[in-house]
**Student:** 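Got a structure here, written out as structure tokens. Questions coming.
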Amino acid sequence: MAVSGHDTTNGDGSGPTRRDFLYLTTGMAGAVGAVGVAWPFIDQMRPDASTRALASIEVDVSAVEPGMSLTVKWRGKPIFIRNRTPKEVEDANAVALSELKDPLARNANVAGDAQATGADRSAGAGRENWIVMVGVCTHLGCVPLGESGEFGGWFCPCHGSVYDTAGRIRSGPAPENMAIPVSSFVSDTVIRIG
Ligand code: FES
């Protein structure tokens with residue numbers, strides 16, 4: 001058989017012909033389609049398993065030293081985990097609540113009307129160095145940059161919102177502090193989120 005630029009034989013007649021190749025391609029497309037159809041049925045058969053998988057994650061933070069951050073994905077969103085330095089904690093705690101644009105803690109682990117104190121924005125007593133937040137700007141949903149902005153916290157480059165070291169909105173168009181999800185330490189070095 002003649003070998004042309006469009007032929008898929010290997011030249012000695014042992015390889016697949018162009019027609020075989022087309023069949024193979026069609027077969028693969030069929031297989032992919034079958035998987036695509038099958039998945040929703042499997043998913044419906046095991047709703048509890050799929051829901052559980054999304055509900056919570058556990059993150060080992062043993063390597064996150066003071067001054068370091070980690071971003072993980074939870075329910076499709078970035079979660080910022082920062083081990084704040086003593087100075088960052090101090091800076092956050094020194095801010096008078098009257099200076100805050102959003103006075104609420106926005107922390108799912110404390111009362112809904114809790115104030116945005118440094119303590120109630122942290123991971124709790126004894127772990128005030130840790131902050132765990134949904135890393136999404138409360139203006140229009142961009143992901144802010146860490147250790148940036150005039151307050152040393154986060155800066156959203158989309159429209160210039162500035163957050164402090166407790167993730168509280170301090171200037172710019174964002175209306176609220178970054179949200180703190182349900183989260184807790186399940187050991188000295190592991191945080192469960194969700
Ligand atoms: Fe962050 Fe607009 S989305 S400032």
Side-chain angles (χ1 to χ4, degrees), residues 50-51 53-125 127-185 189-194:
S50 60
T51 303
L54 287 172
S56 66
I57 56 172
E58 292 191 352
V59 183
D60 183 345
V61 294
S62 56
V64 184
E65 303 285 337
M68 291 173 64
S69 300
L70 182 67
T71 301
V72 297
K73 195 171 167 188
W74 174 68
R75 295 184 182 173
K77 295 176 184 161
I79 302 293
F80 294 159
I81 300 172
R82 181 162 179 80
N83 187 352
R84 298 183 295 177
T85 63
K87 179 168 188 326
E88 288 171 334
V89 175
E90 202 177 296
D91 287 349
N93 292 349
V95 178
L97 292 179
S98 58
E99 289 180 38
L100 298 176
K101 184 173 177 180
D102 176 10
L104 295 176
R106 310 281 175 194
N107 181 347
N109 307 290
V110 299
D113 59 356
Q115 300 290 288
T117 59
D120 272 349
R121 289 286 301 170
S122 75
R127 302 194 195 278
E128 292 193 10
N129 52 317
W130 292 98
I131 184 157
V132 179
M133 299 185 300
V134 177
V136 173
C137 180
T138 61
H139 180 221
L140 293 176
C142 289
V143 177
L145 305 171
E147 296 93 68
S148 303
E150 64 183 289
F151 299 98
W154 288 264
F155 173 71
C156 182
C158 289
H159 313 95
S161 288
V162 183
Y163 298 84
D164 65 16
T165 58
R168 298 172 298 197
I169 182 64
R170 301 297 298 279
S171 67
E176 294 181 1
N177 305 324
M178 280 191 270
I180 296 176
V182 170
S183 48
S184 61
F185 274 81
T189 55
V190 175
I191 300 174
R192 177 181 294 145
I193 301 166

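Just so you know, residue 1 is the first one in the sequence shown, and it goes up from there. One-based numbering, in listed order, for ligands and for the atoms of each. Every value quoted in this text rests on a predicted model; they were computed, and no experiment measured them.
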**Student:** Check whether NZ of the Lys or CZ of the Arg Arg192 lies under 6.0 Å from the centre of the six-membered ring of Phe185 and within 45 degrees of that ring's axis.
**Tutor:**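 Relative to the ring axis of Phe185, which defines the angle, Arg192 lies outside at least one limit.
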**Student:** Just say parallel, tilted or perpendicular for the rings of Phe80 and Trp154, cut-offs at 30° and 60°.
**Tutor:** parallel
**Student:** So, does Arg121 use its side chain to make a donor-acceptor pair with the main chain of Gly167 at under 3.5 Å?
**Tutor:**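 The answer is yes, because a donor-acceptor pair under 3.5 Å joins these two groups.
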**Student:** Donor-acceptor pair, distance only, cut-off 3.5 Å: does the side chain of Arg106 make one with the backbone of Asn177?
**Tutor:**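 Pair absent, no side-chain N/O of Arg106 close to backbone of Asn177.
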**Student:** Tell me how many protein N, O or S atoms are within a distance shorter than 2.8 Å of atom 2 (Fe) of ligand 1.
**Tutor:**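 Under the 2.8 Å cut-off, the count stands at 2.
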**Student:** For Gly146, is there any backbone N or O sitting under 3.5 Å from a side-chain donor or acceptor partner on Ser148?
**Tutor:**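 Indeed, once roles are kept as given, a pair shorter than 3.5 Å links the two residues.
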**Student:** Hey, does the side chain of Asn129 reach the backbone of Asn83 with a donor-acceptor pair shorter than 3.5 angstrom?
**Tutor:**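 Checking the backbone N and O of Asn83 against the side chain of Asn129, no donor-acceptor pair under 3.5 Å is found.
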